[in-house]
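A quick write-up on the structure given underneath.
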Amino acid sequence: MSTLTAFAASVHDRATFRLPEVQQRPLRWSLYIGYAALTAGIFHGLAQALSYANIDILQYFPALRSYYQGLTAHGVANALIFTFSFSNAFLPLMTARALSRTLSPGLLWGSLGSLVAGNILVVFAIVTNRATVLYTSYAPLQAHWTYYLGLVLVVVSTWLAFLAMVLAWRGFKKDHPGENMPLLAHISVASYAMWFLASLPIAVEFLVFLLPWTLGWVEKTDPLMTRTLFWFTGHAIVYAWLLPAYVSWYALVPRQAGGKIVSNTLTKFVFILFLLLSIPTGFHHQYTDPGISTTMKAIHAVLTFGVFFPSLATAFSVMASLEMGGRKAGGKGLLGWIPKLPWGNPSLTAQLLAMITFVFGGITGLINASFTMNQIIHNTTWVPGHFHMTVGSAVALTLMGVAYWMVPYLTGRGLRGRKMALASSWIYSIGVFVFARGMISAGLEGMPRRIYRVQAAYDQEAWNLGGALTGIGGTMMFVGILMFFFVIGVTIFFGRKGGGPTDIPWSETLLTPHESRWSKSFDRIGFWMIVAIVLIVIAYGPFFATYLPPNFVSPGFRFF
Amino acid sequence: MKVHLYEKAFLWLGAVLLVFCLGALLYASLAHGIHLPDREAEIDPSEVASTPPFDDPGVRQVSGDEYEAVMIGRMWSFEPAEIRVPAGSNVTFVATTTDVLHGLNVEGTRLNMMLIPGQVSRNAYRFREPGEYLIICHEFCGPGHHLMFGKVIVE
């Protein structure tokens, strides 16, 4: 240990700290709900991918009333429930470990309770075909009130988890005045601080507009206003999914790869940039919308390019951490360090593959943000091709990789099926590439997303190759997740007792925390939240100032 | 803040690249006249059929090679379902919806807009090549969504 202490730790206390079992239990269940949602959502994912290959398997889903009911389930389960259930467990745990502080048990149980209640309502609404509106929930398609309230409760569960983290953060600050905040806690709190701000517009959309409307208290709603509120949250939400993965890449992956975090201060700076820039970018989802001025769209285009910058910094830092590990293991030459990384570690391998797919996810994202090209690909299969390389792999694979140490850590049971876990990640990520290649190329030929191709009234020959690749890749992804689910299930029930790790894989930083006023200000997350609000007001204010009052024109439509 | 030299170089390169891409974007939209739908007008979706120009949907010649196509999207069809224009026409699409959100994507072109209840969408495209262009509704609009399409026939 004596040689190691030359480096700064990303946690406050090197000695292991564990939450008491009563606090670990809600985190564990939240995690299980997430992975169960992931698995539940992929069955219709398979049906969608095969539909694009002109193969119809919906006849084997007797409980489904329509393709779109399943599509709603896929989006809600995989994009919303899976990601936030994971974060509700992962981020508080990281914060507690980094600060060596317990969390409020009431808030943790409250968060789990809200998540469970939300899930029950949403599952009821979707399974009984009362909410076939897709996860974007665009009014005036109108879902049952249980759907909106259920999703609000899921959001509330994230607020309670965030509050538990904030209390620990403030308590630590009070007890350690003037001290540098531990890096792992900083980036975890910053991630959910961003999400807390980002979640407010969708809370307004659901509570102020959609719930009173679906309950019949008001007759009509404003489709453009509600859609704008959705995307106000809706682009930042993808960063809310991504940042927990970044937390793992920055602060945990270096140790797993045998390297170090490059810089404490720069890492904090990157997360502050995400806090500032993730939210004022939503209009790039609405480039082709009427009712929003081109000027507003252009401003959001520039800011969207801006939020690419901290991701570039991440690419450098994370790669440098990996290279350190590979070289220490004897890697020589320009790229010789890559094969020397511990590819036999399923947790690391899943995350390395996630990073590779994310390169392409990022590049296609820049194309989406360029409004000239956006008109070619908006609402074509290009878009799901893109986001299956971001949330569908950079995030999903990372969250699976984290499971390979976090489930053993929280259950105390050793990972069973290491080889199957490795195979799962490879099959899944190769599947993502084949799938995305298919969706992206067919999207460039104009194949629309969100259609039941098997029964569509139109078709194009040019879609056939892309559609077939979508089917093949989607099937591989499905198999990969099933293998993941099997490994986790076997680990929980049959893993060797006492075989789990005793600590999380926190890393050390190469450069010690820098003691300038500027860099110390990064620890003042509350202050940066206020700056973020100012930026948001600048980016969204002119639209609302010229648009309000709402244009209440649409009664609800329930055609399921 | 201490930043390693290589990282500094990488970040500068990245920033320059992003600014360059933004410049290209600006150039493309200004020099090639690539526009997005803007704020056009508000409309009551229940009164579409009696609100000009939607009281008379269809395509009409405005002047020379300038055409205007007035279109209504509703569950699950476009009105008119087919429009014909001569090759080389610059067609301005003016469209709205009477019920839920729809999409209006003319395949093989960059004409791609959302139809949102209460709003009028407008954008133009010059059809140089003769042929049949599919118009596809690409936003989910209910169980018959995949049945909703139309055609532009360029002669």
Side-chain angles (χ1 to χ4, degrees), chain A residues 66 68 71 132 134 138 140-141 222-224 227 262-263 265-266 269 286-294 297 301-302 305-306 308-309 312-313 316-317 320 366 370-372 375-376 378-380 446 448-453 455-458 460 511 514 516 518-519 551 553-554 557 559-560, chain B residues 1-4 6-7 10-11 14-15 18-19 21-22 24-26 28-29 32 34-40 42-46 75 96 99-101 103 105 107-108 110-123 134 136-149:
Chain A
S66 76
Y68 301 106
L71 184 53
T132 299
L134 309 192
Y138 294 142
L141 286 171
D222 178 347
L224 179 63
R227 179 177 159 86
V262 176
S263 160
T265 316
L266 191 66
F269 178 56
Q286 296 176 276
Y287 284 151
T288 61
D289 280 17
I292 300 165
S293 76
T294 305
K297 292 171 180 172
V302 173
F305 274 70
F308 197 74
F309 185 77
L312 278 177
F316 186 97
S317 294
L366 270 189
S370 307
F371 53 77
T372 46
Q375 288 176 304
I376 306 290
H378 174 73
N379 268 4
T380 69
R449 69 185 282 204
R450 298 184 154 182
I451 59 150
Y452 188 21
R453 184 183 177 197
Q455 290 189 3
Y458 45 81
Q460 305 257 45
L511 301 176
H514 195 52
S516 76
W518 172 241
S519 50
N551 189 19
V553 289
S554 288
F557 288 82
F559 280 100
F560 308 141
Chain B
M1 196 163 33
K2 265 190 287 186
V3 180
H4 193 279
Y6 287 174
E7 179 149 25
F10 175 83
L11 290 178
L18 286 174
V19 171
C21 287
L22 273 173
L25 192 60
L26 198 70
S29 57
H32 296 277
I34 299 176
H35 298 294
L36 294 169
D38 207 302
R39 288 185 94 150
E40 181 65 25
E42 294 190 351
I43 186 170
D44 184 340
S46 61
M75 289 178 174
T96 192
D99 40 48
V100 297
L101 262 69
N105 186 20
E107 298 278 291
R110 58 169 175 73
L111 200 117
N112 189 336
M113 1 189 243
M114 300 300 301
L115 310 185
I116 298 178
Q119 300 288 333
V120 176
S121 309
R122 172 193 286 265
N123 212 348
L134 266 176
I136 293 180
C137 168
H138 62 24
E139 187 53 81
F140 173 62
C141 56
H145 167 48
H146 49 275
L147 308 175
M148 181 169 171
F149 75 106

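Looking at B:H32, there are no atoms closer than 4.5 Å to chain A (heavy atoms on both sides), in backbone or side chain. In this structure, chain A has a heavy atom under 4.5 Å from the side chain of B:F10, while its backbone stays farther away. At a 4.5 Å heavy-atom cutoff, A:R453 makes no contact with chain B through either its backbone or its side chain. For A:V302, the parts sitting under 4.5 Å from any heavy atom of chain B are the backbone and the side chain alike. Contacts of A:N551 with chain B are made by side-chain atoms alone, with heavy-atom separations under 4.5 Å and no backbone atom involved. Contacts of A:L71 with chain B are absent, with no heavy-atom separation under 4.5 Å from either backbone or side chain. Within the 4.5 angstrom heavy-atom criterion, atoms from both the backbone and the side chain of A:F305 approach chain B. Proximity to chain B (any heavy atom under 4.5 Å) is restricted, for A:I292, to the backbone atoms N, CA, C and O. Neither the backbone nor the side chain of A:S66 comes within less than 4.5 Å of any heavy atom of chain B. Looking at B:M75, only its side chain comes within 4.5 Å of chain A, counting heavy atoms on both sides. Both the backbone and the side chain of B:L36 come within less than 4.5 Å of a heavy atom of chain A. Using a 4.5 Å cut-off between heavy atoms, A:Q460 contacts chain B through its side chain alone, with no backbone atom that close. Both the backbone and the side chain of B:D99 come within contact range of chain A, judged by heavy atoms closer than 4.5 Å. Both the backbone and the side chain of A:Y287 have a heavy atom closer than 4.5 Å to some heavy atom of chain B. When heavy atoms are compared at a cutoff of 4.5 Å, B:I136 approaches chain A solely by way of its side chain, counted from C-beta outward.
Options B:L26, B:L22, B:V120 differ in how many heavy-atom pairs under 4.5 Å they form with chain A, and the most are formed by B:L22. Top candidate by heavy-atom pairs under 4.5 Å with chain A, chosen from B:V19, B:L111, B:N112, is B:N112. The residue among A:G446, A:G306, A:A313 with the most heavy atom pairs within less than 4.5 Å of chain B is A:G446. Here B:P143 is the residue among B:A28, B:A15, B:P143 with the most heavy-atom pairs under 4.5 Å with chain A.
A side-chain donor-acceptor contact under 3.5 Å links A:S317 and B:E7.
Side chain of B:T96 to backbone of B:Q119: a donor-acceptor contact under 3.5 angstrom is found. In this structure, A:Q375 contributes its side chain and B:H35 its backbone to a donor-acceptor pair below 3.5 Å. For the pair B:H145 (side chain) and A:R450 (backbone), a donor-acceptor distance under 3.5 Å is present.
In terms of the side chain to side chain contact (heavy atoms under 4.5 Å, CB included) criterion, residue partners of B:L147 (sequence neighbours excluded) are, by chain and number, A:A457.
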*asked:* The test is side chain to side chain donor-acceptor pair (under 3.5 Å); show your working for B:N105 and A:H378 and say whether it passes.
replied: CA-CA 9 Å; B:N105 186 20; A:H378 174 73; over 6 Å; no

